[in-house]
Amino acid sequence: METVADVLVGLVALLHVYILVLEMFLWQRAPGRGLSGFDPEMARATAPLAANQGLYNGFLAAGLVWGLIAADPTGPHAQVFFLSCVVIAGVYGGVTANRRILLAQALPGALALAAVLAAR
């Protein structure tokens, strides 16, 4: 079960690196605009906000990677903390911004969190 948990945590970390790239570097291009649904003018106007969000997603990814490489008991505790942050952010985003965030962020985080807790 620990291997499954590690794989899921790694996938959630990769997801957040992908979100970082979309929000920080591709927001005004087709991939970022496809994510937001914004026209070029709105994408340009909101790019600084998106970059800030992307940075936070990068911090989540970094925390998850730290949780994967840190020794016990720090690693699993870091995983639980950062996955909890992912789930909370996903639920909040799903309720306040776009319901797709529940499936794209909160659900993978919750599955990984459940696997980490089951592996302990």
Side-chain angles (χ1 to χ4, degrees):
M1 188 62 178
E2 189 174 326
T3 301
V4 171
D6 286 347
V7 168
L8 291 175
V9 171
L11 290 173
V12 173
L14 286 174
L15 171 65
H16 282 81
V17 169
Y18 175 71
I19 295 169
L20 173 147
V21 171
L22 282 176
E23 292 178 339
M24 292 190 79
F25 305 111
L26 300 176
W27 190 252
Q28 295 183 61
R29 296 191 177 119
R33 287 199 325 266
L35 177 70
S36 68
F38 292 157
D39 62 32
E41 183 179 327
M42 181 61 83
R44 187 172 34 262
T46 59
L49 297 171
N52 188 40
Q53 289 176 180
L55 186 61
Y56 282 97
N57 280 290
F59 291 143
L60 291 173
L64 292 171
V65 170
W66 171 48
L68 286 171
I69 63 174
D72 285 343
T74 302
H77 290 297
Q79 291 175 16
V80 168
F81 173 77
F82 284 99
L83 288 168
S84 296
C85 291
V86 166
V87 172
I88 292 166
V91 169
Y92 183 80
V95 170
T96 62
N98 188 324
R99 289 180 31 177
R100 289 184 309 177
I101 297 171
L102 290 170
L103 291 176
Q105 183 177 0
L107 180 60
L111 293 174
L113 179 59
V116 168
L117 292 173
R120 296 184 72 200

Only counting residues at least two apart or in another chain, list the ones meeting side chain to side chain donor-acceptor pair (under 3.5 Å) with Gln28. none
May I have the list of side-chain donor-acceptor pairs in residues 12-25 shorter than 3.5 Å, sequence neighbours left out?
residue: His16; atom: ND1; partner: Val12; partner atom: O; Å: 2.9
residue: His16; atom: NE2; partner: Gln105; partner atom: NE2; Å: 3.2
residue: Glu23; atom: OE1; partner: Gly54; partner atom: N; Å: 3.0
residue: Glu23; atom: OE1; partner: Asn57; partner atom: ND2; Å: 3.1
residue: Glu23; atom: OE2; partner: Gln53; partner atom: NE2; Å: 3.4

Donor-acceptor pair, side chain of Thr74 and main chain of Ala70, under 3.5 angstrom: no
In terms of hydrophobic clusters joined by side-chain contacts under 4.5 Å, are Phe82 and Val65 together? no
Please set out all donor-acceptor pairs under 3.5 angstrom arising from side-chain atoms of residues 110-120, sequence neighbours excluded.
none

Over 12 foreign heavy atoms within 6.0 Å of CZ, Phe38: yes
Same apolar cluster: Leu26 and Met42, side chain cutoff 4.5 Å: yes
Strictly by side-chain hydrogen bond (donor to acceptor under 3.5 Å, both in side chains), give each pair with a member in residues 29-46 just once, sequence neighbours left out. Trp27-Thr46
Provide the closest heavy-atom pair for Ala78 versus Gly67 in the form atom of the first, atom of the second, distance. CB-CA, 3.8 Å
What residue pairs, at least two apart or across chains, pass side-chain hydrogen bond (donor to acceptor under 3.5 Å, both in side chains) with a residue in residues 59-73? none
Treating Ile, Leu, Val, Met, Phe, Trp and Tyr as nodes and any side-chain heavy-atom pair under 4.5 angstrom as an edge, say whether Val80 and Leu8 lie in one connected cluster. no
CG on Asp6 to CE on Met1, rounded to 0.5 Å: 11.0 Å
What pairs of donor and acceptor atoms, side-chain ones from residues 85-104 against any protein atom, are under 3.5 angstrom apart with sequence neighbours left out?
residue: Thr96; atom: OG1; partner: Tyr92; partner atom: O; Å: 2.7
residue: Asn98; atom: OD1; partner: Arg100; partner atom: N; Å: 2.9
residue: Arg100; atom: NH2; partner: Leu35; partner atom: O; Å: 3.0

